[in-house]
2 protein chains.
Amino acid sequence: MSEPRANLPRPAPAPSVSIAAVARHANVSVATVSRVLNGQQVVKPATRDAVMAAVQTLGYRVNEMARNLRTAESRLLLVLVPDVGNPFYAEIMRGIDSVARQHGYLVVLCDTGADVEREHTWFDLLRRRRADGAICLDPDTVQHALAHDNAHLAWVACAEFDPAMAVPYVGIDNRLAARDAVQHLLERGHRRIGLINTDETWLYARQRKQGWHDALTEAGITPRADWCINTHSLDYAAGNAAMTQLLALAAPPTAVFAVSDTLAIGALAGARSLGKRIPHDVAVVGFDDIALAAQTDPPLTTVAQPMRQLGETAVQLLLDLLADRGRPPAHVLLPHRLALRASA
Amino acid sequence: MSEPRANLPRPAPAPSVSIAAVARHANVSVATVSRVLNGQQVVKPATRDAVMAAVQTLGYRVNEMARNLRTAESRLLLVLVPDVGNPFYAEIMRGIDSVARQHGYLVVLCDTGADVEREHTWFDLLRRRRADGAICLDPDTVQHALAHDNAHLAWVACAEFDPAMAVPYVGIDNRLAARDAVQHLLERGHRRIGLINTDETWLYARQRKQGWHDALTEAGITPRADWCINTHSLDYAAGNAAMTQLLALAAPPTAVFAVSDTLAIGALAGARSLGKRIPHDVAVVGFDDIALAAQTDPPLTTVAQPMRQLGETAVQLLLDLLADRGRPPAHVLLPHRLALRASA
DNA sequence: TTGAAAGCGCTAACAC
DNA sequence: GTGTTAGCGCTTTCAA
C-alpha cells in the first residue's frame, strides 16, 4: 500500500549552492560542470581547472538527491536484521558496511524482530525507490513468506537462506559445522551430549540439529529427545535457563553444544550457578566465535563463522544482481573452522 | 571537497509506474493524485477512491527520491558511533531508530572509530544533501575538532558532549553517577577502591574519574595514582588486563569501579583467572547496565544509564533543530540509577 | 570540446 | 475541488 503519509512537520531547507551557480562563476555551462564533477575526460584541462576553482571558492557540494533522481538510484542498501543487539550480526554488519561504502552505497540497519509484517514494511522502501537493494538475515521461513511478493526486487540472503528459493545467498554448511563441533566432543570421550538449540523456524537451527544428530549416530549413540532444548531467543538468559534444565536431568549431559555463542555463554553462567566446573563437570561448545567468546571463564570453544566475509560476500552478490537483474542467483558457501579453547 | 566520483557501474533501473500513469488511469490530474497520496483533506471522497483504486490496480508506489528532491530533504539521519560493536551503543541505536522511524526518517549507522578524519567524511554527506542531520556519539574532543567546520549543519551530541559547544546535547551527570557508584562501595566498607578508566579524550572518562575522586576525598581517603588504570579501549580484554594490573599491587584494591560494563566484565574475568572470588576478594561495579551485566558470574552491580531514552531524546533534539535552525541549543541531562546486583 | 535543452517524478502555487 | 504548470538540481542526449 501507498499510504498517505502522516502530516509531518517540514524542516527548513539549508542554504545551497547549485551547479548553475558554479557554471555562472566559471563561465561555462552546467553540462561542463557536470562533466568535471563526474570525472569525464573530454573536458579541456584549463576548463576543468576553472570549474574546480569555482567549486572551491563557492564551497559547492553536489546535491546527491538530485543526482540520484536523475540516475534512478538511491545508493542506499538495506540490511534486515532480526536482532540488532546480537554481536553476531554486528560483525556481519561491519563486513557489509565496508564493502558497500567502497562502492558508494550507504547502509541502513533495519531491525525486523524476525517478523514478516515488519519485513514487508522494509521491503516497501525498495518499491518506493528509497533503497536500491536489501540483504536479509531473517529466518528462511520468513524469507520464504516474502519471496512471492518481492521476486522482482533486488535482494539477497545472508547466513540464513532457503536453498529452494531463487534468491542469491551466502552462508556456511551448518550441518557439517555442527557435526564437526559434536565430533570434537566425542573425541574428548563424551557420550551424553546435549543440544541447546533455538527456534526451529530457523534453517540453521534445523541444520545444526541435524549435524548434532549425524555425529552422535555415526558414533553409535542414540540421541535422546530430552538432551535437546529449544529456546525462544538467543539471549544470554535463554542459554542460562536451558543449561539449568539440562543439568536437572537424571543422567545429565557431560557436554553441551549450543547453536550460538550467546546461548553458550548463558549456559556457562547457568552451569556455574549450579556449582559446576567447566569443562570438568560439563563441557561447552558454542557457535559463531563472537569477540566475547575468548573472554569468558573459561574461554569458549566454538565454531568460528567468517562473519565479516559473510557480510562482504552478501554485498557483492547484491551489487552483481543490481548490475544484471537477469542473472541466475549465485549461491556461496564459506568455510567454517573450530576455534579450540578451554571450555571443551 | 566535491571529488569526481569513481566510475562506478550503474545498476539497471527497475520498471516503474509514475504518478502520471495513475492520474491517467483515474482520469484526474497529477496534482490530485499527489493530494490524495499526501493525505490532503480537500479531495472529494469519490475522487479519492478513484485514485486509490488506480494506485491499487497499477501497483503504484511513490518515488520517494523524487519527492525528496522536491521537498529538499533526504529523510535520512546519520548516527556517528565510535564502535558499532559495543552493546552500549547498540541500545542507544534502538532508541534512535524507533523515534526516527515514527517521524518518517531512516537511520544510517556510521562507524567512525572515534577518528576525526572519518567523522569529516561522514559530515560531508550532510553537505551533499545525502542526509538531513546527524547524531554524534564520539568523544567530546573529536566533536570539538568538528564544531568549527560544521556549525551550520544540523547535528546534536548524545551521551558524550562538550558543554561549551553551541550544539544541542543529551547525556547524564557522569560525575554524580560515578560518585554514587563509589559511595556504594564505601558504604560496603571498602577503603581501597581502584578505578578502571578509559582514554581521557572522552569527557565521560574525565568526569567519572572526578566522581570517583569526589567520593573518596569526601570519605577522607586520598586516592592513590596507582589505583587508577587508563585503558586504550573498551573491550573485554582491556578490562581483564587492567584488573590483573590492579591486583598485582602491593596493597591491591578491595573494590574496583570500572567506567564501562565491558571493562567491568573483563575485570571479572581477570580477577577470576587469578583465583579471586567476587565480591569477597574484590568487589566490582560497572557502568551502563548492558544486557550482559545481569548474566555475568556474579551478576554485575552497575550504574544504569537510560540508553534507550538517550537515543530517543537525541532524535527529538535533532528534529527540533531541523524544524527551527535558529533555536538556541537545548541541553538535557537524564537521570541515572544504581542497579544493585551481587558483584558489589 | 562545449552548450542548449529535455527530462527524472514529484509537490505546490496559482488559476479556474 | 480540481487542473495547469513551474520548477527541485542534476545528467545526458544532440548539435554546434
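Hydrogens, waters and symmetry mates are skipped; everything else that's a heavy atom, side chains included, is used. Chain letters run A, B, ... following the sequence lines, proteins first, then strands; residues in each count from 1.
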I need the [atom1]-[atom2] distance between [X] and [N], as an integer number of Å.
X	N	atom1	atom2	result
B/Arg70	C/dA12	CZ	P	7 Å
A/Asn63	D/dC8	CG	P	11 Å
A/Glu73	C/dG9	CD	C1'	16 Å
B/Leu69	D/dA6	CG	C1'	14 Å
B/Arg24	D/dG3	CZ	C1'	16 Å
A/Arg48	C/dT1	CZ	C1'	15 Å
A/Asn68	C/dC8	CG	C1'	11 Å
B/Glu64	C/dT11	CD	P	10 Å

Could you work out which one of [options] sits closest to the side chain of [X]?
X	options	answer
A/Arg67	D/dT11, D/dG1, C/dA4	D/dT11
B/Val43	C/dA5, D/dT2, C/dA12	D/dT2
B/Ser29	D/dG3, D/dT11, C/dG9	D/dG3
A/Ile19	D/dG3, C/dT2, D/dT11	D/dT11

TODO: Given side-chain contact (heavy atoms from CB on, under 4.5 Å), test B/Met93 with B/Val107 step by step and report yes or no.
DONE: CA-CA 9 Å; B/Met93 273 296 295; B/Val107 171; 4.1 Å; yes
- [ ] To the nearest 0.5 angstrom, please state how far the CG atom of B/Asp162 sits from the OG1 atom of B/Thr141.
- [x] 9.0 Å
Task: Full working for salt bridge (charged side-chain N to carboxylate O under 4.0 Å, His left out) between A/Arg75 and A/Asp132 - done: CA-CA 6 Å; A/Arg75 291 265 157 193; A/Asp132 293 337; 5.4 Å; no
Open item on the list: Categorize A/Ser18 for me: base, sugar-phosphate, or nothing, with a 4.0 angstrom heavy-atom threshold over every strand shown.
Closed with: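 The answer is sugar-phosphate, as A/Ser18 gets under 4.0 Å only of primed atoms, P, OP1 or OP2.
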Task: Distance test, side-chain N/O of A/Thr47 to OP1/OP2 of C/dT2, below 4.0 Å - done: yes
Open item on the list: Measuring to OP1 and OP2 of C/dT2, would you say a side-chain N or O of A/Thr32 lies under 4.0 angstrom away?
Closed with: no
Could you tell me whether the side chains of [X] and [Y] share a donor-acceptor contact shorter than 3.5 Å?
X	Y	value
A/Asn150	A/Arg127	yes
B/Asn38	B/Arg67	yes
A/Asn68	A/Ser74	no

Open item on the list: Return whichever of A/Ala20 or A/Arg35 has its heavy-atom-nearest nucleotide of DNA chain D closer to the 5' end.
Closed with: A/Ala20
TODO: Could you tell me, to 10°, how much the axis swings from one end of the helix from C/dT1-D/dA16 to C/dC16-D/dG1 to the other, five pairs per end?
DONE: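 The angle separating the two end axes equals 40°.
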- [ ] Answer yes or no: is there a donor N or O on one side and an acceptor on the other, between the side chain of A/Ser34 and the main chain of A/Val30, under 3.5 Å?
- [x] no
